[in-house]
Visitor: 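My structure is below; once you've seen it, I'll send some questions.
Keep in mind that this is a model prediction, so the values were computed, not measured. The analysis underlying the following values was restricted to heavy atoms, covering all of them including side chains, and did not include hydrogens, waters or symmetry mates. In what follows, chains are A, B, ... by sequence order, proteins preceding strands, each numbered from 1.
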Amino acid sequence: MAAKPAPPRWPSDADPVFIAFCEAGLWSGLGKSALTHVPTAGITRPGLITKEALLRIPRVAASRAERLISAWIAATPEYDLAQVIVPAGISAYAVPGLIDALGDAAATVLEDDPWRIVGVRGIDVGQADAVARAMFGGFERDDPRRARALVGEALREDNNNGHTITPLEDVRDSLRTWGIPDADTACQASIDQGLVVHRQFDGYDALSLRVLADDEKSIARDIARLTKSSRKWGTAASLKKVSKGLDSAQSRAVELARTEGVSILTGGPGTGKSRTVGTVVELAEKHSQHIVLAAPTGRAAKRLAELTGMEAMTIHRLLGAQGKEGGFLRGRDEPIEADVVVIDEASMVDVRLAAALLAACEDGTHLMIVGDEAQLPSIGPGRVLADLIDSDAVPVTYLETLYRQAAGGQIAKLAAAVRKGDLPPVEMDESKEVVIVATNGSGQAAHRTVQLVTDSIPRALGIETSEIQVVTPVHRGAAGTKELNYALKQKLNPGPGAVSGFDVGDRVIATANYLDASPTGYANGEVGVITRLSDKGVTVQFASGTADVAGKALRDLVHGWAITVHRAQGSEWQAVVVVAPPEAGRLMSRSLIYTAFTRAQKHLSIVRTPGPALAYAVRERALRPRRTTLAERLRELMPACS
DNA sequence: GCAAGTTA
């Protein structure tokens, strides 16, 4: 690797906005090493950019100097914006995202209304206030523009709890606590601006962000469109042949995937959802129907691929996600090329993603939605799977028979209780299927977790370490994935970790797609083992082949002994150690505990910390009903189907 | 705020 260029040394009279702009890499064509020489070339503010000055930079000849000047001129909207936000303490790195959202006239827009940046790229009202202060020297707390922005802020806060619609009364309360007495005028102003819409919900006045209301509206319309436009594929006779090993509910689900535009397959873990999907794949192949499989997380997609023997990917990849703010390549103009689309682990799909997915399904595409309402809800707003089921607009198959081995065992009993909201005391019996380990806090919990994985479980139950998975709700903290993986590595595969903390023999998991890696590409969610270290990086043996991982890609490779519950959804292991630390806070819910517990096939260790958090989560924190409008919109558009 | 997804 080349030596990093020294950071530029700016004289004290250099323009701070100019410095921030250049150092954020916003002057395109100006590399890090050229930047080092910009101050010495005498360029310390925009007015000093001349061809003569640029020529004083090493390795800059006439043609490059000219290109730099045109690039500078082309970056005028960006620089104008930087002049507005940098003095307010907002990083120049935020500039491109803000230009994306507000357009090339962003600086002018903010001069008219600094609070227009609220909600863009996570910018909050405090930061917008700083922009206003920097621009005008001060402002009134109840400035109408500020009040209008706060309506959006109140809705976004509610969206963070999963709701897509908020009672007007709640918005009034929030505005009052922020010092806006005249909430109704503010709400009306937001509606007039087009960012917020009004709707009756459960008989009271309520508001939604327009984007979310539009998403729910378009999901409902697209479900209706796909339902209407579908034509049957395959034949009843071949269906009968492929579904020989299936029970009657499972075969009905395969039949629906063949005959209906949109269908849902639901049921708890171990009821054969994936097996049923496997049969749909088989039938589709028999009839030369192009079928694609996708799931919300990389790990779930990988698992789906393993179970069906077919390629599967994240929904984002299926849609051609363009990056942070970029939207999707696939959409109405360029739909997904498939006859049948299967989405697994659909409980984790939010309204934004569902709307994008449905828009990208062209008329005639068969969509099969597979998931379990009792498992993790989406991180983003909405409860799309549950709403689709509740609406009665789409045919649903419920799988109820538990096929997983030890169906009458302790794990199954505990899981069934948790699903209903009970956390019964576990009797420690001979089977040692479920073991509760009490600890005094997350530090000790981490310590006991390592003992369980490296010693107790292999010794007492004869389960190999490679078949044991640690699952925790969070990444950070003493009992988060990072610390746990660190501690597990010390025992399971100690070493200096010379390359990015890795040694030969480490279990790793990919957290991003590197489909062009050599010799074999790999996808987010793939699990592997480090087989070689070099001065550049590491070689990983994935199930699909080996890949050399170096440079930036090393950051998207993490140790895989401990993973989050979110990433574990869809996968199973012989033995699972669940850690439930207090740091998980509000993340702890019935669905999270249920998902975590049901990952275990033969043995479940539950590492507890003091306090009622676990019992409280299971008993009281059932997926707090999310307020959404999707089910109602579907009922308005479509007749009940059962 | 936590938790997932993504690229030139």
Visitor: When the distance from CD1 of A:Ile509 to C1' of B:dG5 is rounded to whole Å, what number comes out?
Guide: 14 Å
Visitor: In whole angstroms, how far is the P atom of B:dT6 from the CG atom of A:Leu318?
Guide: 12 Å
Visitor: Quick one: does A:Arg586 reach the base of B:dG1 with a side-chain donor-acceptor pair under 3.5 Å?
Guide: yes
Visitor: Please identify each residue that fulfils salt bridge (charged side-chain N to carboxylate O under 4.0 Å, His left out) with A:Asp124, with sequence neighbours left out.
Guide: none
Visitor: Per the side chain to side chain donor-acceptor pair (under 3.5 Å) rule, what does the pair list look like for residues 326-335 of chain A, sequence neighbours excluded?
Guide: A:Asp222-A:Arg332
Visitor: What's the CZ-C1' distance between A:Arg352 and B:dT6, to the nearest Å?
Guide: 15 Å
Visitor: B:dG5 P sits how many Å from A:Leu376 CG, rounded?
Guide: 12 Å
Visitor: Under a 3.5 Å cut-off on both pairing distances, which runs of 3 or more consecutive Watson-Crick or G-U pairs involve DNA chain B?
Guide: none
Visitor: Using the side-chain heavy atoms of A:Thr297, tell me which of these nucleotides is nearest: B:dT6, B:dC2, B:dA4.
Guide: B:dA4
Visitor: Which part of the nucleic acid, if any, lies within reach of A:Ala512 when heavy atoms closer than 4.0 Å are counted: base, sugar-phosphate only, or nothing?
Guide: nothing
Visitor: Do A:Thr297 and A:Gln569 have side-chain atoms, one donor and one acceptor, less than 3.5 Å apart?
Guide: no
Visitor: When you get a sec, tell me which of B:dT7, B:dA4, B:dC2 is the closest nucleotide to the side chain of A:Val474?
Guide: B:dC2
Visitor: Return the value, rounded to whole Å, for the distance between atom CG of A:Asn524 and atom C1' of B:dA4.
Guide: 9 Å
Visitor: Tell me whether the rings of A:Phe328 and A:His316 are parallel (<30°), tilted (30 to 60°) or perpendicular (>60°).
Guide: tilted
Visitor: Compare side-chain N and O positions of A:His475 against OP1 and OP2 of B:dA4 and report whether any pair is under 4.0 Å apart.
Guide: yes
Visitor: From B:dG5, B:dC2, B:dA3, pick the nucleotide closest to the side chain of A:Thr314?
Guide: B:dG5
Visitor: If you pin A:Ala321 and A:Gly380 to their nearest nucleotides in DNA chain B, which one's is more 5'?
Guide: A:Gly380
Visitor: So, OP1 or OP2 of B:dT6: does either fall under 4.0 Å of a side-chain N or O from A:Asn513?
Guide: yes
Visitor: Can you sort out the partners of A:Arg156 under salt bridge (charged side-chain N to carboxylate O under 4.0 Å, His left out), two or more places apart, ordered by chain and number?
Guide: A:Glu153
Visitor: Take the protein atom CD1 of A:Ile379 and the nucleotide atom P of B:dA4, then report the distance between them rounded to whole Å.
Guide: 6 Å
Visitor: Excluding sequence neighbours, so at least two apart, what forms salt bridge (charged side-chain N to carboxylate O under 4.0 Å, His left out) with A:Glu483?
Guide: none
Visitor: Find the distance A:Leu592:CG to B:dG1:C1' and express it as a whole number of Å.
Guide: 15 Å
Visitor: Expressed in angstrom and rounded to an integer, what is the separation of A:Arg121 atom CZ from B:dT6 atom C1'?
Guide: 12 Å
Visitor: How long is the span from the OH atom in A:Tyr93 to the CG atom in A:Leu98, to the nearest 0.5 Å?
Guide: 15.0 Å
Visitor: Apply salt bridge (charged side-chain N to carboxylate O under 4.0 Å, His left out) to A:Glu66 and list each qualifying residue two or more places apart in sequence or on a separate chain.
Guide: A:Lys51
Visitor: Is A:Arg567 near enough to B:dG5 that one of its side-chain N or O atoms lies under 4.0 angstrom from OP1 or OP2?
Guide: yes
Visitor: Counting only side-chain nitrogens and oxygens, does A:Asn160 get under 4.0 Å of the OP1 or OP2 atom of B:dG1?
Guide: no
